[in-house]
Amino acid sequence: MQEIQTPCVASLTWTLHDAQGELIDVLEEATEFLVGGDDLLAKVEEALIGQPLGAEVPIALQPEEAFGDYRPELTCFEARALFPPQLEVGMRFEGLPEGAATPDMPKDVIYTVTEIYPEHVVLDGNHPLAGIGLRMHVQVRALREATPEEIAARSVGNGLVDVLESGSAPPDATLH
């Protein structure tokens, strides 16, 4: 395989900066993504189609092309007593805790603890990169045909969101 086409599996590395040039993430170890599935953001996939092995592709993403606009209605306050004693800023929870005071908040959202006070905790259901313009520099390290199983699953199991949230960012990055 000489160039990226759908469906195929591309092994990629990248650097990711915000629109002001601050480093957000570095993926140094080549990681496989299904092109033509659910592993990549649409604009990233679009920029990669037709690129040859070894290509270096700069990609600019507006918030709506990446992780969406920041939605203040996805933040809420909950009682500190609803959380474990070892709570830390940056911890994430799927859904709100049992007994939450804001039952109208979405249940299927990952909430990040953004502030901790003696009596309450501030939770944010936005993706950590919501509302941020991004600049990616992607390198195509390897290409191969996708297996029928990968095509059926629409993934090789390494979605861009999962990789970004798994901790490949530098320790002082704002992603975590």
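When reading the values below, keep in mind they use all heavy atoms of this one structure, side chains included, and skip hydrogens, waters and symmetry mates.
- Applying the side-chain hydrogen bond (donor to acceptor under 3.5 Å, both in side chains) definition to pairs two or more places apart or across chains, those involving residues 49-67 are K43-E65, E56-H137.
- Closest of all the heavy-atom pairs between P7 and L34 is CB-CD1, 4.4 Å.
- For the ring pair (Phe, Tyr, Trp, His ring centres under 6.0 Å) condition, the pairs that include at least one residue of residues 78-100, sequence neighbours left out, are F83-F93.
- T13 is linked by a side chain to side chain contact (heavy atoms under 4.5 Å, CB included) to A30, Q139, R141, counting only residues two or more places apart in sequence or in another chain.
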Q.
Before you tell me yes or no, could you show the steps for L40 and L12 under side chain to side chain contact (heavy atoms under 4.5 Å, CB included), namely the whole-Å CA-CA distance, both residues' side-chain angles and the distance that decides it to 0.1 Å?
A. CA-CA 11 Å; L40 297 168; L12 308 174; 4.3 Å; yes
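- Counting only residues at least two apart or on different chains, the side-chain hydrogen bond (donor to acceptor under 3.5 Å, both in side chains) pairs with a member in residues 73-87 are R71-E73, E78-T102.
- Residues L123 and I110 fall into different hydrophobic clusters, defined by Ile, Leu, Val, Met, Phe, Trp and Tyr side chains chained together at heavy-atom separations under 4.5 Å.
- For D124, the side chain to side chain donor-acceptor pair (under 3.5 Å) partners two or more places apart in sequence, or in a different chain, are Y70, N126.
- Proximity of V113 to V122: side-chain heavy atoms (C-beta onward) are nowhere separated by under 4.5 Å.
- Checked by atom type and distance alone, the side chain of D18 never pairs as donor or acceptor with a backbone atom of I132 at under 3.5 Å.
- In terms of the side chain to side chain donor-acceptor pair (under 3.5 Å) criterion, residue partners of E115 (sequence neighbours excluded) are, by chain and number, Y117.
- Scanning both residues, G99 and L82, for their nearest heavy atoms gives O-CD1, 3.7 Å.
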Exercise for the section: For side chain to side chain contact (heavy atoms under 4.5 Å, CB included), just list the numbers for F67 and L61, CA-CA rounded to whole Å, side-chain angles, deciding distance to a tenth of an Å, and then say yes or no. Expected result: CA-CA 9 Å; F67 299 98; L61 300 163; over 6 Å; no
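- Linking Ile, Leu, Val, Met, Phe, Trp and Tyr whenever their side-chain heavy atoms come within less than 4.5 Å leaves M91 and F77 in two separate clusters.
- Of all heavy-atom pairs spanning A10 and I4, the tightest one is CB-CD1, 4.2 Å.
- When all heavy atoms of G133 and P63 are compared, the closest pair comes out as N-CG, 3.8 Å.
- Placement of L74 and V89 in two distinct hydrophobic clusters is found when ILVMFWY residues are connected by side-chain heavy-atom separations under 4.5 Å, directly or transitively.
- The hydrophobic clustering, which links ILVMFWY residues whose side-chain heavy atoms are closer than 4.5 Å, places F33 and I151 apart.
- Applying the salt bridge (charged side-chain N to carboxylate O under 4.0 Å, His left out) test to every pair with at least one member in residues 93-109, sequence neighbours left out, gives no pairs at all.
- Applying the side chain to side chain donor-acceptor pair (under 3.5 Å) test to S11 and every residue at least two apart in sequence or in another chain returns nothing.
- When every heavy atom of P128 is checked against every heavy atom of R92, the shortest pair comes out as CD-NH2, 3.8 Å.
- Proximity of a side-chain donor or acceptor of T112 to a complementary backbone N or O of T114 within less than 3.5 Å is not detected.
- Across every non-hydrogen atom of R135 and A19, the tightest pair is NH2-CB, 4.1 Å.
- Residues L129 and Y111 do not share a hydrophobic cluster, defined by chaining ILVMFWY side chains whose heavy atoms lie under 4.5 Å apart.
- Applying the salt bridge (charged side-chain N to carboxylate O under 4.0 Å, His left out) rule to E150 yields the partners R144; only residues at least two apart in sequence or on another chain are considered.
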